[in-house]
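In this text, all values refer to a predicted model and were calculated from it rather than measured experimentally. We use all heavy atoms of the structure for the numbers below, so side chains are in, but hydrogens, waters and symmetry mates are not.
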Amino acid sequence: MTENNITIRPVTAQDLATVVALDAQFCDCARQDFFAKRLKAQQASPATFISLIAESQGEVAGFVSCHLQAGEFGDSSTSAVLDAIGVDRNHQRQGIGQALFGALIDAINTRGGKELQSVVKWNQPDLLRFFSDAGFQLAAKTVLELDTSALHSPSLESEDNNSDLSRDPVQIRSLRRDDTGRLSQIDRHITGSDRIAYYQRIVTQAIDESGVRVSLVADRGDPIGDGLATLAGYVMARVDYGEFGQTGPEAVIDTLGVDPASQGEGIGQALVGQLITNLKGLRVESVRTEVPWDNFSLSRFLLGCGFRPAQRLSLTRPITD
């Protein structure tokens, strides 16, 4: 794509060093691992990621990257999440950012995306102004986060469930590929929709993109000794090394589910507690998630686990045909 002497093309593996150097202009750090993982994930799943380079007079002038998602917390529509964007300081105020966004919106639309999402700290006025000019609005979501270093993992035991769990303990383990069908079954019990394609995709990412996702499932015990434990819940999270200048690794919870038949038994608390323990071991500084503003039961659960409102704004930009 060429417009006003600006050429837009896909990012390739040969662009890694250039993108890292350009990004370092804005965050004062070289996020080599972050972008290397993004490129590796894009090569493995080209339909899920969109990364573009803008060139002006033969020089790299900017870049943008996002990933597509569908199904987080029961949302059935496809949306894109903006991962990173940067325009070289020597090429600013030349329409580079607008050209990148225009090409990105076209690519998202072609793949069936309905909106572009982002999360920005409230005290980044230049970035907020840029997003406002690009057509973003406040999303109907609350951003919650938890500082892993300031909180002990939530206890598995509670006043409501200790007697039941003492007879049939919750066993937390890493996600396996053969869990896909059972995750989809739990989700169908919760949402009433069959979203097997979403779970096939997200489980594949969790298994194959090592170091990007930290996903756990909860097995009930084996009270009758037949070797067939029952999957009671799951939490799906990913670890990123920073978005828009974030200087430390951060985890993002995409979805969390507990079988309705196992609610009230501490399954969710056990999953979040083990997730926090694992993230601490990886030296992840914080974990965040976005919750629809009217999902009061999920917000109440996360607040009980120690999450608090973040100093961030959830933004969205509709994609029109």
Do you see a donor-acceptor pair shorter than 3.5 Å between the side chains of Gln274 and Asn278?
yes

Distance only, no hydrogens: is a donor on one side chain within 3.5 Å (strictly under) of an acceptor on the other, for Thr12 and Asp15?
yes

Hydrophobic side-chain clustering at under 4.5 Å (ILVMFWY, transitive links): who's grouped with Phe296? Put none if nobody.
Trp293

Separation between CG (Leu183) and CZ (Arg195), nearest 0.5 Å, reads 10.5 Å

What's the spacing between Thr180 OG1 and Leu175 CG if we round to 0.5 Å?
7.0 Å

Under 4.0 Å between a side-chain nitrogen and a carboxylate oxygen: does that hold for Glu115 and Arg317?
no

Could you tell me whether Arg283 and Glu250 have a side-chain N and a carboxylate O separated by less than 4.0 Å?
no

Can you name the nearest heavy-atom pair linking Thr148 to Lys280, along with the distance?
O-CE, 2.6 Å

Mind checking the CG-CG spacing from Leu298 to Leu303? Nearest 0.5 Å is all I need.
9.5 Å

Any donor-acceptor pair under 3.5 Å linking the side-chain atoms of Gln42 with those of His67?
no

Is Arg182 paired with Asp259 through a side-chain N to carboxylate O contact shorter than 4.0 Å?
no

So, are Arg308 and Glu145 salt-bridged, with charged N and O less than 4.0 Å apart?
no

Taking all non-hydrogen atoms of both residues into account, name the closest pair between Ala237 and Ser215 and its distance.
N-OG, 3.7 Å

Between Glu290 and Ser314, does any side-chain donor sit less than 3.5 Å from a side-chain acceptor?
yes

Check whether more than 12 heavy atoms from other residues, nucleotides or ligands sit under 6.0 Å from atom CZ of Arg93, and answer yes or no.
no

For Tyr199 and Ser184, work out which heavy atoms get closest and say how close.
CD1-CA, 4.1 Å

Euclidean distance, Ser118 OG relative to Leu82 CG, rounded to 0.5 Å
5.0 Å

In short, Ile190 meets Val258 closest at the heavy-atom pair CD1-O, 3.5 Å

Between Gln57 and Asn5, a side-chain donor and acceptor under 3.5 Å
no

When every non-hydrogen atom of Pro10 is compared with those of Leu52, the smallest separation belongs to CA-CD2, 4.2 Å

